[in-house]
Amino acid sequence: MQHQAIGIFDSGIGGTSIWKEISIALPHENTIYLADSKNAPYGKRSKDEIIALSIKNTEKLLELNCKLVVVACNTATTNAIKVLRSSYDVPFIGIEPAIKPAAIQTKTKKVGVLATKGTLSSELFAKTSDLHANNIEVIEVVGTGLVECIEEGKIDSQEMHALLTSYITPMIKKDIDYLVLGCTHYPYLIPNIKKILPDHVTLIDSGEAVARQTKAVLTTNNLLNKNSETGTYTFYTNNEVEVLKNILKNNSTSLHIHYLAF
Ligand code: DGL
């Protein structure tokens with residue numbers, strides 16, 4: 001079982017930001033990534049739809065013989081991970097907006113969270129927010145259109161800049177000193193966001209924490225791949241292969257990127 005791959009899925013190409021962290025933290029692990037770009041964005045969908053899509057992706061990863069599933073999507077985690085964990089035997093790792101470290105470190109007592117509507121309206125997000133941020137002001141902003149722009153390969157467009165400015169400027173005016181990126185697509189926007197954000201505002205995303213947690217869970221379950229070679233990295237998209245290839249183009253390792261109907 002140790003040689004089996006880690007399965008990773010997202011509504012699209014954004015979760016590759018999590019794959020990257022996993023490949024750094026666990027260089028000997030094989031990974032299989034599913035980009036459900038055909039059904040992106042999940043953020044606008046109902047909870048039931050997000051659960052159904054998460055089940056579909058999980059079943060495909062299990063069919064591909066994965067030993068553990070990383071839900072590399074805040075929207076899918078916050079809406080579906082409970083159902084996934086109660087339906088399948090493999091371990092699941094999820095990702096949620098990293099409110100806790102921001103709440104602990106903020107001096108202005110004001111923290112911004114940029115995420116999808118599906119994440120911000122979920123019960124799990126409300127619970128996490130209540131638990132860790134009850135003495136601070138959390139300014140929640142829905143990043144409408146950001147995922148679509150990234151999926152269309154328009155990261156450096158005027159449209160993207162205008163959207164980001166309209167979401168981030170009001171948070172700056174409210175004196176946030178931490179901005180939590182609550183969507184796995186958004187790490188790809190960090191250079192764009194830094195052009196808008198003043199230097200004293202710290203950006204937080206959860207990619208590294210997810211990779212650390214994946215390593216811890218593999219270790220506890222005796223599932224770490226003991227191979228000394230670098231893992232193999234397979235990516236499947238049910239939409240345009242070029243978009244996925246493009247977002248992964250700066251990786252030096254050899255990647256296998258294919259179309260798959262799922
Ligand atoms: N990457 C997903 C997330 O982390 C994007 C969700 C969407 O497709 O709207 O939430």
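Hydrogens, waters and symmetry mates are skipped; everything else that's a heavy atom, side chains included, is used. Remember, it's 1-based here, ligands and their atoms both numbered in the order they're listed.
- Between the side chains of Asp177 and Thr108, at least one donor N or O sits under 3.5 Å from an acceptor N or O.
- Side chain to side chain, Thr77 and Glu96 fail the donor-acceptor criterion of an N or O pair below 3.5 Å.
- The closest side-chain donor-acceptor pair between Thr184 and Ser17, if any, does not fall under 3.5 angstrom.
- A heavy-atom cutoff of 4.0 Å around ligand 1 is satisfied by the protein residues Asp10, Ser11, Pro41, Tyr42, Gly43, Cys73, Asn74, Thr75, Thr116, Val147, Cys183, Thr184, His185.
- Checked options Leu114, Asp10, Val113, Val147; the residue passing with Cys183 is Val147 (criterion: side-chain contact (heavy atoms from CB on, under 4.5 Å)).
- Contacts classified as ring-ring contact (aromatic ring centres under 6.0 Å, His included) and involving residues 13-67 (residues at least two apart or in different chains) are given here: Trp19-Tyr233, Trp19-Phe235, Tyr33-Phe235.
- Taking the charged nitrogens against the carboxylate oxygens, Asp36 and Lys56 do have a contact shorter than 4.0 Å, which makes a salt bridge.
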